[in-house]
Every structure is written in C-alpha cells, then in structure tokens.
Amino acid sequence: MLDDRHCQDYLIEFSDYIDGELSPELCAQIESHLQNCENCRIVVNTLRKTIELYQIHGEDESLPENVRMRLFARLELEDPSHG
Amino acid sequence: MSAGLDFSDGFVKLLVSGDRQAFGELVDRTSAKIYALGMRMLGNEQDAEDMLQETYLKAFKNLPGFEQRSSITTWLFRIAANEALMILRRRKGDSNLVDIDTDDSNENAPREIVDWCCLPEEVLASAETQRMMDQAAGILSPALRMVFQLRDVEGFSGQETAEILGISEDAVKTRLVRARLKLREELSSYFNERVLKEKRNKNVG
C-alpha cells in the first residue's frame, strides 16, 4: 500500500504522465513527488514497463494461412498473395 | 495514427464504389490485425475466425454507405469491435457486458510495490511470461480489455479509440487507467517471486 494520501491522488494521473499528456504544472508536481517517493517511482516505472511489454508482445500479428484461405474463400475474393 | 494503417482517398473511393480488387487489398492489409484483436478479445481461434469473417462480410455490405467522417481503419475496427462484443455477449448469455465505472477509489490502489523492471530480458520475454500476460489481460472486463488493446497494443489514439467504441474520450481515458493499473498489479505479483529469486542468486554468487 502507498502510505502518503497524495500517492493515491496522483495514481490516476500516472497514466497520462507516462503518455506525456499532462499540463506542465501537474507534470512538475508529479516529478517533484516522484523524487521523494520511492514507492510511486516503482509504480510509474513498472506501469511504463507493463505497457512496453504488452506492446512488444502485440507485435506478433500474423494470420494463419488456413484462416486466411478460408477468409478469402468466404468473401469470394482472389487472394492477392496468390496472384 | 490509425494503428499504422493509412489508405489514400483514391483507394477509399474505389472501395466505396464496390471495387472487388480494392476490397481484397483492404482485407490483405488489415486482416492480421483484426484477427489478432479477435484472439485477444475472445481467446480462441474459432471465435476469432468467426469474428474476422463476419467483420469483412458486414464491411463489404456497408461500404457503399461509408461517409468518410472517420478513417476507413477506425470504421473497420468499429465493426470488428462490435462483432467481438456481440460474440462475448452471446457467450455470456446476457447483454450487460460493459462494466460500469465504479467509484471505488481503492480498487486501483497498488498492492504490489516491487521493482521488477531490471529483471533479465530472458525472464521478461519468456514464453511463460507471455502466457501469464495473456491470462492477466483475460481477467480484465471486456470493456477495459478492448480499450487497452486498441490504445496500447494496436496504437490507436484516444480519439480514434473513442470513435471505434462510440464512447467519449474521457471514458477511454478512465478505462485505460484502470486497465493499465490492473495489469501492472498482475505482472508485479507474478514477477515479485522472480525478483526475490534473482536477489537470492546474487547473494549466493
């Protein structure tokens, strides 16, 4: 659990902070808080890493060949890769 | 933008006019992404394939009415997202899938505070970790999972995600925060043990 009640207040802002979508004022407030709060630093770092891992995990997007063939057949389309 | 899928106006005109070859190209370029969304939302190949086929059958039928108010990619993903949610709804046997955003502010409170960022790459990228990540995403409600997939995995902007799901950008933001924090919690609880193990190994070595 985070001890400081401010931690809880900042928690929902961390997501926007990571995306760089906060106002400069709020961003500065959060950065100053992070300097003094190790727990929140860990939460921000692991939150960022969580997103990064899912992005890398999601890069593997391939359509199995048999699924692709059935799709083109169902749509009565010629598969351009077999043209 | 548009998850890395951009199509020229000329191409979209061909599509709307019913050009079969252009439609084939659309299917060729987008189907892997639509199928991946299906797999991540529905968790099995059969449902993902049903969703994939239904998406393009509906897209072809509705293309003549496409008014170009949104991009063709967000329009297509909107059909796909609706299909996925419809399959989940049928599976659950009720129509209430969207979990209402609760006011429970403690729900997001972190319980696991462990810095696992420095774990070795082979642990972070292992097949076991990937399975755990799929499981963790599967625990999210469909509403949270869908926003997370579209924003963070497919790379749609907040505005595009809002368009795809027919919800406000604020709702996208709220759901994204909750999804990210929940996933961070799940991953932290999983990696906690590995961090301890690494520390023990270091002390021994």
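Naming: A, B, ... by sequence-line order, numbering from 1 per chain.
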Chain A contacts, top residue of Leu183(B), Thr129(B), Val153(B), Leu176(B) (heavy-atom pairs, under 4.5 Å):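 Highest number of pairs under 4.5 Å: Leu183(B).
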Give the member of [options] that has the highest number of heavy-atom pairs under 4.5 Å with chain B.
{"options": "Arg70(A), Gln55(A), Glu21(A), His57(A)", "result": "His57(A)"}
{"options": "Ile12(A), Ile42(A), Asn45(A)", "result": "Ile42(A)"}
{"options": "Arg74(A), Glu76(A), Lys49(A), Arg48(A)", "result": "Arg74(A)"}

Check the surroundings of atom [atom1] in [X]: do more than 12 heavy atoms from other residues, nucleotides or ligands lie under 6.0 Å from it?
{"X": "Gln21(B)", "atom1": "CD", "result": "no"}
{"X": "Glu38(A)", "atom1": "CD", "result": "no"}
{"X": "Gln68(B)", "atom1": "CD", "result": "yes"}

Minimum side-chain heavy-atom gap Leu187(B)-Thr46(A) below 4.5 Å: no
Check: Trp75(B) and Val12(B) side chains under 4.5 Å, non-hydrogen atoms: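 The answer is no, as the side chains (C-beta and beyond) never meet within the 4.5 Å cut-off.
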Where does [X] contact chain B at under 4.5 Å (heavy atoms): side chain, backbone, both or neither?
{"X": "Glu52(A)", "result": "neither"}
{"X": "Asp60(A)", "result": "backbone"}
{"X": "Ser62(A)", "result": "backbone"}
{"X": "Arg41(A)", "result": "neither"}

Whether His33(A) and Tyr10(A) hold their rings parallel, tilted or perpendicular, with breakpoints at 30° and 60°: tilted
Ring geometry between Tyr56(B) and Phe23(B) (parallel below 30°, tilted from 30 to 60°, perpendicular above 60°): perpendicular
Pairwise distance CG(Leu53(A)) to CD(Gln130(B)) - rounded to 0.5 angstrom: 8.5 Å
Between CD1 on residue Ile72(B) and CG on residue Leu5(B), distance to nearest 0.5 Å: 11.5 Å
For [X], is it the side chain, the backbone, both, or neither that has a heavy atom closer than 4.5 Å to a heavy atom of chain A?
{"X": "Ala137(B)", "value": "both"}
{"X": "Glu54(B)", "value": "side chain"}
{"X": "Arg151(B)", "value": "side chain"}
{"X": "Ala36(B)", "value": "side chain"}
{"X": "Leu181(B)", "value": "both"}

